[in-house]
A.B. asks: 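First, the structure itself, so that you have it in front of you.
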Protein chains: 2
Amino acid sequence: MLTINDASKRTNLPVKTIRYYDEVGLVSATGRTPAGYRLYDDRSCQKLGFVQRARQFNFSIEECRELLSLYEDHGRPSRDVKKITLSKLALLQKQLDDLTTLTLELQTLANQCTGDDRPDCPILNAFSAGPIDAEP
Amino acid sequence: MLTINDASKRTNLPVKTIRYYDEVGLVSATGRTPAGYRLYDDRSCQKLGFVQRARQFNFSIEECRELLSLYEDHGRPSRDVKKITLSKLALLQKQLDDLTTLTLELQTLANQCTGDDRPDCPILNAFSAGPIDAEP
DNA sequence: GGTTGACCCTCCTGTTACTGGAGGCTTTAT
DNA sequence: ATAAAGCCTCCAGTAACAGGAGGGTCAACC
């Protein structure tokens, strides 16, 4: 049985975060010492690690909860997991597209800006006028 | 002078958002009617539009405040604006890289998953094990 | 003149996923 | 014996709004 600090070291999750996951019932502590200290076993640590990686993939806490229950349920069909994953993937793709467009436009503006002492600035001009045409 | 609703239509910002910008002092209402209704003139609408576009570029409210004050200050050097823009650009680039990696990895996992009735699922396996090697 | 319906206001709560801190035990090391 | 580190709970705050309650206002229509 590990203290919350040990679990933190093993999973690379901050202590505060582990406590939070316990609080919201995502990954509950295995037990408590008589003094009330949280205890975690290997299984709990594994789940914490699972959540950590899923979070890195931009899965929300609620989605993690769902994935975790599928993970816990030994007989679940992989179809269910794949479905969640694919819809998340579509979302990521959209974010990616938006971010790419945005970066390109901003890059264009920065390139056009002389960045000197003169007050004329294409960036501010663009912001005050309207949408930007990116030039290649 | 426009009501908040008219300003909303002109700028495509929700009424709630415009009120919020007033509340936090980002773009204050030009005045009020005797009944307490917010009023906006062309200049305010222009500022609202400015903020809207800057927000689309992922500038935070505080950054917008900064840009807006540069925008207001007629004599500011374009260097200042460019500096802010470039650091924002670097941040965007990093987000983009992370998101790209993430998407690729998740894609790899989804491809490996049969998505049928069987419980074996590479996605869950990967999450429970550790980092993923994306295959081309 | 009354009434509907569309606006407007303020204030409060909730969202996401934590993070920081106060105040106060417990355990471990010296 | 004491100091440091670690643990606990509870409270507040973060970003940028969105939703809704409760209530005032304005223009039009009958």
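Hydrogens, waters and symmetry mates play no part in the numbers below; they use all other heavy atoms, side chains included.
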A.B. asks: Not counting sequence neighbours, which residues clear salt bridge (charged side-chain N to carboxylate O under 4.0 Å, His left out) with B/D80? List them please.
C.D. replies: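 In terms of salt bridge (charged side-chain N to carboxylate O under 4.0 Å, His left out), with neighbours along the sequence ignored, B/D80 is linked to no residue.
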A.B. asks: Could you list, one pair per line, each protein nitrogen or oxygen that sits under 3.5 Å from a nitrogen or oxygen of nucleotides 28-30 of chain C, together with the distance?
C.D. replies:
none

A.B. asks: Taking for each residue the nucleotide of DNA chain C with the nearest heavy atom, is it B/G36 or A/T33 whose nucleotide lies nearer the 5' end?
C.D. replies: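 Looking at DNA chain C, the more 5' nearest nucleotide goes with B/G36.
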A.B. asks: Counting primed atoms plus P, OP1 and OP2 as sugar-phosphate and everything else as base, spell out the protein contacts along nucleotides 11-25 of chain C at 4.0 Å heavy-atom distance: B, S or - for each nucleotide, 5' to 3'.
C.D. replies: ------BBSBB----
A.B. asks: Going by the rule salt bridge (charged side-chain N to carboxylate O under 4.0 Å, His left out), which residues pair with B/D41 if we only count those two or more places apart in sequence or in a different chain?
C.D. replies: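 B/D41 satisfies salt bridge (charged side-chain N to carboxylate O under 4.0 Å, His left out) with no other residue.
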A.B. asks: Rounded to the nearest Å, what distance is computed from the CD atom of residue B/E23 to the P atom of nucleotide C/dC9?
C.D. replies: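 In whole Å, C/dC9 P and B/E23 CD are 12 Å from each other.
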A.B. asks: Can you name the ring-ring contact (aromatic ring centres under 6.0 Å, His included) partners of A/Y21, sequence neighbours left out?
C.D. replies: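 Partners of A/Y21 by the ring-ring contact (aromatic ring centres under 6.0 Å, His included) criterion come out as none, since no residue qualifies.
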A.B. asks: Can you confirm if the NZ or CZ of A/K88 lies within 45° of the ring axis of A/F57 and under 6.0 Å from the centre of its six-membered ring?
C.D. replies: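 Geometry flag: not set, cation outside 6.0 Å or 45°.
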A.B. asks: side-chain hydrogen bond (donor to acceptor under 3.5 Å, both in side chains), that's the test. Do B/D6 and B/T3 meet it? Break it down for me.
C.D. replies: CA-CA 5 Å; B/D6 294 336; B/T3 66; 3.3 Å; yes
A.B. asks: Between the side chains of B/R43 and B/Q46, is a donor N or O closer than 3.5 angstrom to an acceptor N or O?
C.D. replies: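 Result is yes, a qualifying pair exists.
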A.B. asks: Which atom names give the shortest non-hydrogen contact between A/C45 and A/Y40, and what distance separates them?
C.D. replies: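 Looking at all heavy atoms of both residues, the closest pair is SG-CB, 4.5 Å.
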A.B. asks: Report the distance from atom CD of B/E72 to atom CG of B/L67, rounding to the nearest 0.5 Å.
C.D. replies: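 So the gap between those two atoms works out to 12.0 Å.
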A.B. asks: Are any non-hydrogen side-chain atoms of B/T103 and A/L89 less than 4.5 angstrom apart?
C.D. replies: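 Yes - at least one pair of side-chain heavy atoms lies under 4.5 Å apart.
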A.B. asks: At under 4.0 Å between heavy atoms, what does B/T3 touch on the DNA or RNA strands: base, sugar-phosphate, or nothing?
C.D. replies: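 Here B/T3 touches the backbone only, sparing every base.
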A.B. asks: Taking heavy atoms of chain B and a 4.0 Å limit, find me the 5'-most and 3'-most nucleotide of DNA chain D within that range.
C.D. replies: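 The contact span of chain B on DNA chain D goes from D/dA16 to D/dC26.
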A.B. asks: Quick one: OG1 on A/T30 to CG on A/L2, what's the gap to the nearest 0.5 Å?
C.D. replies: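 Interatomic distance, A/T30 OG1 to A/L2 CG, rounded to 0.5 Å: 8.5 Å.
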